2 protein chains.
Amino acid sequence: MAELRSKPPAPADDGDAANFCSTCVFGTVCAAHDVDKIALSELHFLVEHIGPFRAGSHIFRTGEPFKAIYAVRSGVVKTVYAGSAGREYIAGFHLPGEVIGLAAIHEQRFPCDAIAVDTAYLCRFEFRTLATLTTRLPQVQAELFRLLSKDIGSATVLAGEPAADERLAAFLLGLSRRLAARGFSARVFRLPMVRRDIANHLNLAPETVSRVLRRLHDQGWIRVLDRQIELLRPDELARLAGALLPVPQVRR
Amino acid sequence: MAELRSKPPAPADDGDAANFCSTCVFGTVCAAHDVDKIALSELHFLVEHIGPFRAGSHIFRTGEPFKAIYAVRSGVVKTVYAGSAGREYIAGFHLPGEVIGLAAIHEQRFPCDAIAVDTAYLCRFEFRTLATLTTRLPQVQAELFRLLSKDIGSATVLAGEPAADERLAAFLLGLSRRLAARGFSARVFRLPMVRRDIANHLNLAPETVSRVLRRLHDQGWIRVLDRQIELLRPDELARLAGALLPVPQVRR
DNA sequence: CGGTGTGTTGAACAGCTTCAATTCATGTGG
DNA sequence: CCACATGAATTGAAGCTGTTCAACACACCG
């Protein structure tokens, strides 16, 4: 477990006047297509680079009026809903290239907090301007539809309420795959968040997370050393997780 | 509990060449605004009325290629995800005016089954055509964004995993409010679905649903007679449900 | 060095599930 | 028309999974 890459504290690629960030959701959309050059440059002009946000600081808060959506450029961000009885539910952990804030469109207010887990940099997209632009950039509109649709699915996945082991297996594998898609090792990685966050994401007590990790460790399917994780038997984990897994990225 | 309205077996309003159905999601959008008349008539032309679907028959199935979204015109439709170990999870019950199929945009396949609970009639919107039209009808685009965003939220609500009583209270109250928004009584109504469906929606065993209903009944907060429900103390139910409730429709 | 927050482990408890039996309504075939 | 089968709903009893409460190890930091 020595070859673990430590995440760079600053974004590797900020983009410039001619290009989007390498992680940008809209980068791939615009690169290959014959799009309206003027509109494209407007889209580019619309992007606002913000950060750094230190671990624990808010990108937006529950109840704030909705003005913009955000794409994670570097670091990790969690979206946190206030649950009943003082509990909090973490809807997701968002890696570079992923977009947050889309759930706020409906009520025009953010329904959750967005909090940096790591030191995080983001891109800000003023939504009204973006929505206007999409009428001239159908590919961007399609991408927005797709992003919104994706979030419906991801919210639904955990709702099936499987056993603790399955949830944790699905969580680890999902994280592994998303990291792999970003050029990191799929086998060995470091959990960016504390146990309590994992617990709140999977609807478990932190103690249960500990115990399940230990169980998986004792079975020889993973190795756990603090936040260092090594997946020894991803096949077994996948079997455990069952239909719960986010499909291994077909598109984008 | 005698004044209960029985739901009409056929849609009350099919719309015509000049008007959308009274329940239509896009009706309100187009009615009041100064929109492109030609584009509007195209949108109108795009709508395809389908049905009836008898209880238990599929509107679409998991894995089918995504071609269109659907709006419920009359009746009730459930969206069912295949859960782990043969269990099934019901993401939602959809009343007239609500849209289903949006989660399929992302992977271009339906991630769930849509099954009629009641006899149901729907409107079908070819999605590609619709997406093209929205570039000329910004209000419709905005409405689509809003619908998608709404579904993210609704999927997240139950994820907070509260106690069984809270879930059931939230479910009953949510249903009551949605029915009220459609002109039915908020106090007295009939559950369109069987207990097992409620159980699969709330991640409970059918037996637990029975027991909780009985408990609420014995507390004097509701009256239950088979599928007939009367809410005697909606205030207490709301207190129980806590932050879990869908906000009482502000917009639309 | 004590303080704080994270993580682990143990033991008792609670809530929900599971299994099983019963009632009731509906529909089918003899 | 009745006998029987089927499925929904309810209720009871037992069992299990995860929670809660509590104690402790460990690292980091003033």
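In this text the structure is predicted, and so the values were computed from the model without any measurement. The chains referred to below are lettered A, B, ... by the order of the sequence lines, with proteins before strands, and numbering in each begins at 1.
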(message) Applying side chain to side chain donor-acceptor pair (under 3.5 Å), can you list everything that pairs with A/R233, at least two apart in sequence or on another chain?
(response) A/D235, A/E236
(request) I would like to know whether A/F110 and A/F66 meet ring pair (Phe, Tyr, Trp, His ring centres under 6.0 Å); could you show each step before the answer? (result) CA-CA 6 Å; A/F110 289 103; A/F66 171 68; 5.7 Å; yes
(request) Would you kindly give the CG-to-P distance between B/L213 and D/dT11, to the nearest whole Å? (result) 10 Å
(message) If I take atom CG in residue B/N203 and atom C1' in nucleotide D/dG18, what distance separates them, rounded to the nearest angstrom?
(response) 15 Å
(message) Test of understanding: with side chain to side chain donor-acceptor pair (under 3.5 Å), list the residues that count as partners of A/H58, not counting sequence neighbours.
(response) A/R61, A/D113
(message) Between C1' on C/dT8 and CG on A/D218, what's the gap in Å once rounded to a whole number?
(response) 13 Å
(request) By nearest nucleotide on DNA chain D, pick out whichever of B/R195 and A/D165 is the more 5' one. (result) B/R195
(message) Just N and O in the side chain of A/R215: are any of them under 4.0 Å from OP1 or OP2 of C/dT8?
(response) no
(message) Please report the distance, rounded to the nearest Å, between CD1 in A/I198 and P in D/dG18.
(response) 16 Å
(request) Check the distance between D/dG7's C1' and B/D197's CG and give it to me in whole angstrom. (result) 13 Å
(message) Enumerate the salt bridge (Lys or Arg N to Asp or Glu O under 4.0 Å) contacts for residues 74-84 of chain A, please, sequence neighbours excluded, ordered by first and then second residue.
(response) A/K78-A/D197
(request) Using only side-chain N and O atoms of A/R214, determine if any of them is under 4.0 Å from OP1 or OP2 of C/dT9. (result) yes
(request) Starting at atom CG of A/L204, determine the distance to atom P of C/dC16, rounded to an integer number of angstrom. (result) 16 Å
(message) Does C/dG5 have its OP1 or OP2 closer than 4.0 Å to a side-chain nitrogen or oxygen of A/R196?
(response) no
(request) Among the candidates C/dC16, C/dT8, D/dA8, find the nucleotide nearest to the side-chain atoms of B/T208. (result) C/dC16
(message) Nearest to the side chain of A/A164, heavy atoms from C-beta on, is which of D/dA8, C/dC16, D/dG18?
(response) D/dG18
(message) What is the separation between atom CE on A/M193 and atom C1' on C/dG5, rounded to the nearest whole Å?
(response) 18 Å
(request) Output all residues satisfying side chain to side chain contact (heavy atoms under 4.5 Å, CB included) with A/R124, sequence neighbours left out; order by chain, then residue number. (result) A/E48, A/I50, A/K67, A/A68, A/Y70, A/E126
(message) Expressed as a whole number of angstroms, how long is the span from B/R87:CZ to C/dT18:P?
(response) 5 Å
(request) For each nucleotide in nucleotides 21-30 of chain D, reading 5' to 3', give B when a protein heavy atom comes within less than 4.0 Å of its base, S when such contact involves only the sugar-phosphate, and - otherwise. (result) BB--------
(request) Would you indicate whether the side-chain heavy atoms of A/V77 and A/V117 approach each other to under 4.5 Å? (result) no
(message) Using the side-chain heavy atoms of B/V194, tell me which of these nucleotides is nearest: D/dT11, D/dG18, D/dA8.
(response) D/dA8
(request) Only counting residues at least two apart or in another chain, list the ones meeting side chain to side chain donor-acceptor pair (under 3.5 Å) with A/S149. (result) none
